[in-house]
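Keep in mind that this is a model prediction, so the values were computed, not measured. Here is the naming used below: chain letters follow the sequence lines, and residue numbers restart at 1 for every chain.
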There are 2 protein chains.
Amino acid sequence: MGTRDQLVDSARELLWERGYVGTSPKAIQQRAGAGQGSMYHHFAGKKDLALAAVRRSAEELLAAADAQLRTPGTAVERITAYLRREREVLKGCPIGRLTQDPDIVADPDLRAPVDETLTRLRARLAEVLDEGRDTGELPTSPNTAALDTAALAATIVAVLQGGYVLARAAGSPEPFDQAVSGLLALLAAH
Amino acid sequence: MGTRDQLVDSARELLWERGYVGTSPKAIQQRAGAGQGSMYHHFAGKKDLALAAVRRSAEELLAAADAQLRTPGTAVERITAYLRREREVLKGCPIGRLTQDPDIVADPDLRAPVDETLTRLRARLAEVLDEGRDTGELPTSPNTAALDTAALAATIVAVLQGGYVLARAAGSPEPFDQAVSGLLALLAAH
DNA sequence: GTCTATACTGAGATAGAC
DNA sequence: GTCTATCTCAGTATAGAC
């Protein structure tokens, strides 16, 4: 693996652990075993490197989600598989966490991949829900209104992102698991 | 209002906007209109001041939640009122956001009030759900299992916390509202 | 209680040698 | 491509005068 890739990987780890504001170029270099000059040769600066790192993490996140959602089974089964997949709960979401970084949200270039990732994730989940509705597995409506799959997809992603928040606050994965269980119980009650 | 209180208020604002790592003592002082000496007279340092600020925000959060949850009405009505309450969605949760701050999570003193706040919020919501179950408003069970009110409470708080994440990523409150709508649709479907 | 001065470290980047 | 030197400013705090 080239030095450039090592820098990207180190940046990905540090952005996950400490966020953008909490990550210094020097820390990235040290973890990558690269010097100052090396980093500034490959990247224009901290922002440029962070952008490469975020894009890479975004790709992986979407690929991992798709891997669960593409398996055979009913919509609820596939969503359950996705929600119950093994996760490093206490580390949180490498993309979602960037949302709390003022320098990321304030910069359109840095926010764009974060936005796109979570938007596409919601769209993918909505697709799965649409399939479930079309096959009759999910009711056309809870009560009488049309099943709003876009809204429900947002709910599902929010439970994950919020579950991470609760787990990190508690210092334990338990509330994450509870939040997921509560959601699945509601889904199953149809 | 004394200088001390102005320092706490400024710290609360900045912690909300920029988190712990992203907030400097100097920035707090400037916003409070106080000098270096003044701050270090009233507080031992950044951590000490942050602790006072977080405790104050935690109090307010729990009081605001209780205000909604104590109104007359059914359990679902009260929870709906809480979820639909006016919020500065794009600012996120002043307590939940601290969860992404490495220096907060790593320090037991700083993490404690965050943990306690979200734990108590879940407990309060579980109480409301328990009441709804006892009065027969909520089914004793979706399907046949006992209604797990602790889990459902975690789901509700997670939807809020995750809703903030989605909204900040999108730069719009819309996905927050969708996530809440999706949850309420599921709750109403009982 | 508040101010100014001072100290030390780290962040973020540039310059030029190799 | 990578290294070392250097630069400037900000973060965090202490010291002592008023």
Side-chain angles (χ1 to χ4, degrees), chain A residues 1-56 97-98 100-111, chain B residues 1-56 97-98 100-111:
Chain A
M1 189 171 57
T3 300
R4 196 197 141 93
D5 290 318
Q6 287 186 337
L7 283 165
V8 172
D9 278 354
S10 298
R12 294 215 294 145
E13 292 172 15
L14 281 163
L15 286 176
W16 196 357
E17 294 168 15
R18 306 194 44 81
Y20 186 80
V21 171
T23 297
S24 70
K26 182 179 298 192
I28 297 172
Q29 294 152 203
Q30 286 176 341
R31 186 171 297 209
Q36 294 266 109
S38 189
M39 178 189 136
Y40 284 99
H41 170 75
H42 291 288
F43 300 94
K46 177 181 176 178
K47 173 178 165 178
D48 187 37
L49 173 49
L51 213 40
V54 171
R55 291 203 177 112
R56 187 83 186 73
R97 77 140 296 146
L98 300 174
Q100 304 304 326
D101 233 304
D103 292 5
I104 299 251
V105 174
D107 186 321
D109 295 336
L110 288 168
R111 187 170 64 79
Chain B
M1 187 171 58
T3 300
R4 196 197 141 92
D5 290 319
Q6 287 185 337
L7 284 164
V8 172
D9 278 355
S10 298
R12 294 216 293 146
E13 291 172 15
L14 281 164
L15 286 176
W16 195 356
E17 293 168 16
R18 305 194 43 82
Y20 186 80
V21 170
T23 297
S24 70
K26 181 179 300 193
I28 297 172
Q29 294 151 204
Q30 285 176 341
R31 186 171 297 210
Q36 294 266 109
S38 188
M39 177 189 136
Y40 283 100
H41 170 74
H42 291 289
F43 300 95
K46 178 181 176 177
K47 173 178 165 178
D48 188 35
L49 173 49
L51 212 42
V54 172
R55 291 202 177 113
R56 186 83 186 73
R97 76 140 297 149
L98 300 174
Q100 303 304 328
D101 232 304
D103 292 5
I104 298 252
V105 174
D107 185 321
D109 296 335
L110 288 169
R111 187 171 64 79

> Just how far, in rounded Å, is C1' of C:dT4 from NE2 of B:His41?
Replying inline: 17 Å

Between protein and nucleic acid, restricted to nucleotides 5-10 of chain C and to nitrogen or oxygen atoms under 3.5 Å apart, what atom pairs and distances do you find?
none

>> I need the CE-C1' distance between A:Met39 and C:dA11, as an integer number of Å.
In response: 11 Å

>> For residues 20-30 of chain A, which residue pairs pass the salt bridge (charged side-chain N to carboxylate O under 4.0 Å, His left out) check, not counting sequence neighbours?
In response: none

> What is the distance from CG of A:Leu49 to C1' of C:dG12, rounded to the nearest Å?
Replying inline: 13 Å

> Hey, is the main chain of B:Tyr20 close enough, under 3.5 Å, to the side chain of B:Asp101 for a donor-acceptor pair?
Replying inline: yes

>> Applying side-chain hydrogen bond (donor to acceptor under 3.5 Å, both in side chains), can you list everything that pairs with B:Arg18, at least two apart in sequence or on another chain?
In response: none

> Which part of the nucleic acid, if any, lies within contact of B:Gly35, taking any heavy atom under 4.0 Å across all strands shown: a base, the sugar-phosphate backbone alone, or nothing?
Replying inline: sugar-phosphate

>> Applying side-chain hydrogen bond (donor to acceptor under 3.5 Å, both in side chains), can you list everything that pairs with B:Asp48, at least two apart in sequence or on another chain?
In response: none

> What residues form a side chain to side chain contact (heavy atoms under 4.5 Å, CB included) with B:Arg111, not counting sequence neighbours?
Replying inline: B:Val105, B:Asp115

> Can you name the residues that form a side-chain hydrogen bond (donor to acceptor under 3.5 Å, both in side chains) with A:Asp5, not counting sequence neighbours?
Replying inline: none

> What is the distance from CG of A:Asp48 to C1' of C:dG12, rounded to the nearest Å?
Replying inline: 14 Å

>> Reading DNA chain D in the 5' to 3' direction, which nucleotide is the first one with an atom under 4.0 Å from a heavy atom of chain B, and which is the last?
In response: D:dG11 to D:dT14

>> Using the side-chain hydrogen bond (donor to acceptor under 3.5 Å, both in side chains) criterion, which residues pair with B:Arg12? Sequence neighbours excluded.
In response: B:Ser57, B:Glu60

> Taking for each residue the nucleotide of DNA chain C with the nearest heavy atom, is it B:Gly33 or A:Pro25 whose nucleotide lies nearer the 5' end?
Replying inline: B:Gly33

Donor-acceptor pairs are to be reported for all side-chain atoms of residues 29-39 of chain A against protein atoms at under 3.5 Å, with residues two or more places apart or in another chain.
{"from": "A:Gln29", "atom 1": "NE2", "to": "A:Gln36", "atom 2": "OE1", "distance (Å)": "2.8"}
{"from": "A:Arg31", "atom 1": "NH1", "to": "A:Glu13", "atom 2": "OE1", "distance (Å)": "2.9"}
{"from": "A:Arg31", "atom 1": "NH1", "to": "A:Glu17", "atom 2": "OE2", "distance (Å)": "3.1"}
{"from": "A:Arg31", "atom 1": "NH2", "to": "A:Glu17", "atom 2": "OE1", "distance (Å)": "3.2"}

> Can you tell me how far P of C:dA13 sits from CD1 of A:Ile28, to the nearest Å?
Replying inline: 10 Å

